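What you see is a predicted model, and the numbers here were worked out from it, not measured in a lab.
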Amino acid sequence: LFRLAGSDYTTAVYVDGIVYAIYEYCNPEFESNRHRMALYAIDLATKSETLVADWGVNGTVAKVYSGIAYDPSSGLLVIAKPDGTILTADPMVGALTEVGKLSNRVNGLTFDTDGTGYALHCLGNAASLIRFTLNETGIEIQEEIALPDKISGFGTYAWASLLKLDDLIYIETYSQSYMSAGYPQRGQLYTYDLSSGVLKELGACRPLACLFRIDREPTTGITLSDDQLMMLLNQQKQLTATAFPWTATNRALTWTSSD
């Protein structure tokens, strides 16, 4: 699991080496006309950031985006508003299409490989996990799973990062005060087991904009700064080595020498 840093990114999703992140600008007092939203694509290989779409000023806090996920069945980004409205976005140009309303509150969402979506709904003292699919006619809710009360008390206007791995859904929640300046100060990480119905609290963490996994990948080679060196007696030169690919799980190097 990796953390996407950057306090201006409220929510993000990882897709094949690219992190699609929603950027939010707002003033410290969260005035009604100061929420400007944009979609960025962050290439993890080159560490470069590209503006995909500037969605402009979205108005009040209820109109900001609380979650983003990738639907592999359609190839589209799926975006949630806190009021439960669901939109899709083309990852190439960021064009938005409103699909419908999932519930009266959506704090975050994720998708399985088959296109099944899971959304976290928290409002007041109630929390649930909504399983749904998107089709040509809109949103089809398949199931709503009640969650223990302890996950529901993190705030009405709060974000959640979700990630489904096998039967587990990782849920990270964070919130912030809208009465003062600053960004979220704490997050809480859970797992929910879909097969057993057990919610497990993993502990506190820094606020996260994105949860994702990069599978273990072997090291395939090493490059040296110099292929050969000509040196005088007692002369010293520094060699640097880089293991590749950059996504390899273990890129540690051990140096040895012999006559």
Side-chain angles (χ1 to χ4, degrees), residues 1-25 36-55 64-80 87-96 107-115 117-118 120 159-166 168-174 183-184 187 189 191 202 205-225 240-253:
L1 302 181
F2 288 75
R3 175 181 183 271
L4 176 67
S7 57
D8 291 327
Y9 291 115
T10 57
T11 182
V13 63
Y14 171 82
V15 185
D16 297 331
I18 303 295
V19 173
Y20 291 94
I22 293 179
Y23 173 91
E24 175 191 358
Y25 167 78
R36 189 174 189 88
M37 312 298 293
L39 178 66
Y40 282 85
I42 303 168
D43 190 320
L44 296 185
T46 62
K47 299 180 177 61
S48 60
E49 179 185 73
T50 302
L51 175 65
V52 178
D54 186 343
W55 292 323
V64 302
Y65 301 133
S66 58
I68 184 173
Y70 175 72
D71 180 359
S73 65
S74 66
L76 295 174
L77 301 173
V78 180
I79 298 170
L87 308 95
T88 58
D90 185 328
M92 299 299 295
V93 297
L96 291 171
N107 302 86
L109 66 166
T110 187
F111 276 83
D112 204 345
T113 54
D114 64 358
Y118 296 85
L120 181 67
W159 289 265
S161 299
L162 274 66
L163 174 67
K164 185 178 185 298
L165 296 177
D166 301 322
L168 288 181
I169 293 185
Y170 287 81
I171 303 171
E172 187 273 339
T173 62
Y174 66 96
Y183 290 95
L189 187 63
T191 57
L202 301 183
C205 60
R206 294 182 64 185
L208 309 179
C210 181
L211 290 174
F212 63 92
R213 181 184 72 175
I214 295 179
D215 293 330
R216 296 184 64 85
E217 186 173 348
T219 302
T220 58
I222 297 174
T223 59
L224 286 173
S225 54
T240 59
T242 303
F244 63 88
W246 73 272
T247 52
T249 305
N250 184 4
R251 301 176 72 232
L253 298 171

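- Nearest heavy atom pair, residue Pro91 against residue Tyr20, reads O-CE2, 3.5 Å.
- The structure places CG of Leu76 at 11.5 Å from CG of Leu87, a figure rounded to the nearest 0.5 Å.
- In this structure, Ala241 and Ile222 approach most closely via the heavy-atom pair CB-CG2, 4.0 Å.
- In terms of heavy atoms, Val52 sits closest to Gly94 at CG1-N, 3.7 Å.
- A distance of 10.5 Å separates CG in Leu109 from OG in Ser161, rounded to the nearest 0.5 Å.
- The OG1 atom of Thr50 lies 7.5 Å from the CG atom of Asp43; values are rounded to the nearest 0.5 Å.
- A heavy-atom distance below 4.5 Å is not found between the side chains of Tyr170 and Thr110.
- Taking 4.5 Å as the limit, some side-chain heavy atom of Leu77 sits within range of a side-chain heavy atom of Leu39.
- The two residues Ala89 and Leu96 come nearest to each other via the heavy atoms CB-CD2, 3.8 Å.
- To the nearest 0.5 Å, the span separating OG1 on Thr191 from CD1 on Ile169 amounts to 10.5 Å.
- When each of Asp16, Ile18, Val19 is paired with Leu44, the side-chain contact (heavy atoms from CB on, under 4.5 Å) condition holds for Val19 and for no other.
- When all heavy atoms are compared, the tightest approach of Asp54 to Met37 is OD1-O, 3.5 Å.
- Looking at Asp166, its side chain never comes within 3.5 Å of a backbone N or O of Leu168 through a donor-acceptor pair.
- Closest non-hydrogen pair, Phe111 versus Pro72, comes out as CB-CD, 4.1 Å.
- One finds the CG atom of Leu163 at 11.5 Å from the CD atom of Glu172 (value rounded to the nearest 0.5 Å).
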